[in-house]
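Scroll down for the structure; my scribbles are underneath it.
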Amino acid sequence: MPFIAFLGCDGSGKSTVIERIDAGLLEQGTDVRQGHWRPTPFDAKRDNSGAADDPHSIPPRGVVASIAKLAWLGFSWWAGWLKDLRRSAKQGVLIFDRYHADLLIDPRRYRYGGPMAVARLASALMPQPDLVIFLDAPAEILYARKQEVSMETLTSSRERYLTLCKSHSRFSVIDASQPIDQVVANVMREIASVNL
């Protein structure tokens, strides 16, 4: 059973798709566990910096603070993975709405102000999903759905996501401009392909 992460620009419909996928898998009798951005193995407090109404409104941290937060992110991922996420992925399907690689696309969303080479290395050393679904759509469609960030930001973020998707076979690009039923059907097929 897989660990699946969803990525996508604001307006790509991640929340709706994940909700539908969750329901579909439960109907099939598959246990599903969800997470967002990072595990919280020691407390219930979530890091909501990636879900703010204006994700770019707060300035980045300094270099030292950014690297310290990056270290905490890595520790949280490994602690959560070893504590119970690995078991969840083996017993059912583990779904994350965004995960650590999202910081590489939009560091400002997570207030990261350190060297990107350090962030890339840290992300590579953290637990990796079996499948990453990138919900893609033209920037014009994304902006029409949600105006939390500018068209320029959406365009550049989409380009960076698509570049990231070329880096490993675990990434799958799904056309999110299609009707929601078709998007969900396409995602379910991708999940079935790794659901060993």
Side-chain angles (χ1 to χ4, degrees), residues 1-52 55 72-106 109-110 122-137 145-146 161 164-165 167-176 178-196:
M1 297 289 185
F3 165 24
I4 302 163
F6 282 79
L7 295 177
C9 298
D10 293 315
S12 62
K14 287 194 316 304
S15 297
T16 301
V17 171
I18 290 172
E19 181 180 330
R20 295 276 297 270
I21 293 299
D22 188 321
L25 291 171
L26 289 173
E27 285 180 6
Q28 295 176 3
T30 302
D31 290 331
V32 179
R33 176 167 177 182
Q34 288 193 39
H36 180 267
W37 168 232
R38 69 171 180 90
T40 54
F42 306 113
D43 58 67
K45 184 179 179 181
R46 308 296 294 174
D47 182 348
N48 291 320
S49 60
W72 176 248
L73 176 65
F75 180 75
S76 297
W77 266 101
W78 274 111
W81 184 252
L82 295 174
K83 183 178 180 183
D84 59 2
L85 294 183
R86 178 173 54 180
R87 183 175 64 252
S88 296
K90 288 181 178 179
Q91 295 176 348
V93 174
L94 174 63
I95 295 176
F96 259 73
D97 178 357
R98 303 187 188 274
Y99 76 113
H100 50 80
D102 202 47
L103 183 147
L104 306 179
I105 303 302
D106 191 359
R109 175 184 291 269
Y110 303 102
S123 180
L125 293 175
M126 295 182 209
Q128 300 296 325
D130 299 295
L131 173 66
V132 181
I133 300 288
F134 171 54
L135 298 176
D136 182 39
R145 292 176 178 174
K146 211 169 188 179
Y161 275 124
L164 178 66
C165 289
S167 67
H168 197 281
S169 60
R170 71 171 59 95
F171 291 88
S172 178
V173 179
I174 300 293
D175 183 359
Q178 302 175 96
I180 186 63
D181 288 344
Q182 187 61 54
V183 175
V184 170
N186 291 342
V187 171
M188 289 293 280
R189 277 195 292 270
E190 289 294 325
I191 293 173
S193 73
V194 296
N195 196 2
L196 305 177

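Just so it is clear, the values below take in all heavy atoms, side chains as well, and ignore hydrogens, waters and symmetry mates.
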*asked:* Please determine whether side chain to side chain contact (heavy atoms under 4.5 Å, CB included) holds for the pair F96 and L7, giving the CA-CA distance in whole Å, both sets of side-chain angles, and the decisive distance to 0.1 Å.
replied: CA-CA 9 Å; F96 259 73; L7 295 177; over 6 Å; no
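- Closest heavy-atom contact between S123 and H100: OG-ND1, 2.8 Å.
- From R170, atom CZ reaches atom CG of D130 across 8.5 Å, with rounding to the nearest 0.5 Å.
- From I21, atom CD1 reaches atom CD1 of I191 across 4.5 Å, with rounding to the nearest 0.5 Å.
- Applying the ring-ring contact (aromatic ring centres under 6.0 Å, His included) test to F171 and every residue at least two apart in sequence or in another chain returns nothing.
- With a 4.5 Å cut-off on side-chain heavy atoms, L103 and R109 do not count as touching.
- Looking at residues two or more places apart in sequence or on another chain, you find a side-chain hydrogen bond (donor to acceptor under 3.5 Å, both in side chains) between R20 and D181.
- Between W78 and M126, the closest heavy-atom pair is NE1-CA, 3.7 Å.
- Partners of Q182 according to the side-chain hydrogen bond (donor to acceptor under 3.5 Å, both in side chains) rule, which considers only residues two or more places apart in sequence or in another chain, are N186.
- Salt-bridge formation is detected for the pair R98/D10: a Lys NZ or Arg NE/NH1/NH2 atom is positioned less than 4.0 Å from an Asp or Glu carboxylate oxygen.
- Inter-residue side-chain proximity for P39 and L85 is flagged as met; some heavy-atom pair is nearer than 4.5 Å.
- Closest of all the heavy-atom pairs between P2 and V194 is CB-CG2, 3.7 Å.
- Shown here are the ring-ring contact (aromatic ring centres under 6.0 Å, His included) partners of F6, two or more places apart in sequence or in another chain: there are none.
- In this structure, NZ in K146 is found 11.5 Å from SG in C9, a value given to the nearest 0.5 Å.
- Between L94 and W81, some side-chain heavy-atom pair lies under the 4.5 Å cut-off.
- In this structure, Y99 and W77 have perpendicular ring planes: the angle between them is above 60°, well past the 30° mark.
- Contacts of D84 classified as side-chain hydrogen bond (donor to acceptor under 3.5 Å, both in side chains), with partners at least two apart in sequence or in another chain: R33.
- Shown here are the side chain to side chain contact (heavy atoms under 4.5 Å, CB included) partners of D31, two or more places apart in sequence or in another chain: there are none.
- The two residues T30 and L26 come nearest to each other via the heavy atoms O-CD2, 3.4 Å.
- When all heavy atoms of F134 and C165 are compared, the pair lying nearest together is CB-SG, 3.6 Å.
- When all heavy atoms of D175 and V183 are compared, the closest pair comes out as O-CG2, 3.5 Å.
- In this structure, the separation between CD1 on I133 and CD1 on I174 is 5.0 Å, given to the nearest 0.5 Å.
- Taking CD1 of I18 as the start and CD1 of I95 as the end, the distance is 6.5 Å to the nearest 0.5 Å.
- For the atom pair CH2 of W37 and OH of Y110, the computed distance is 5.0 Å after rounding to the nearest 0.5 Å.
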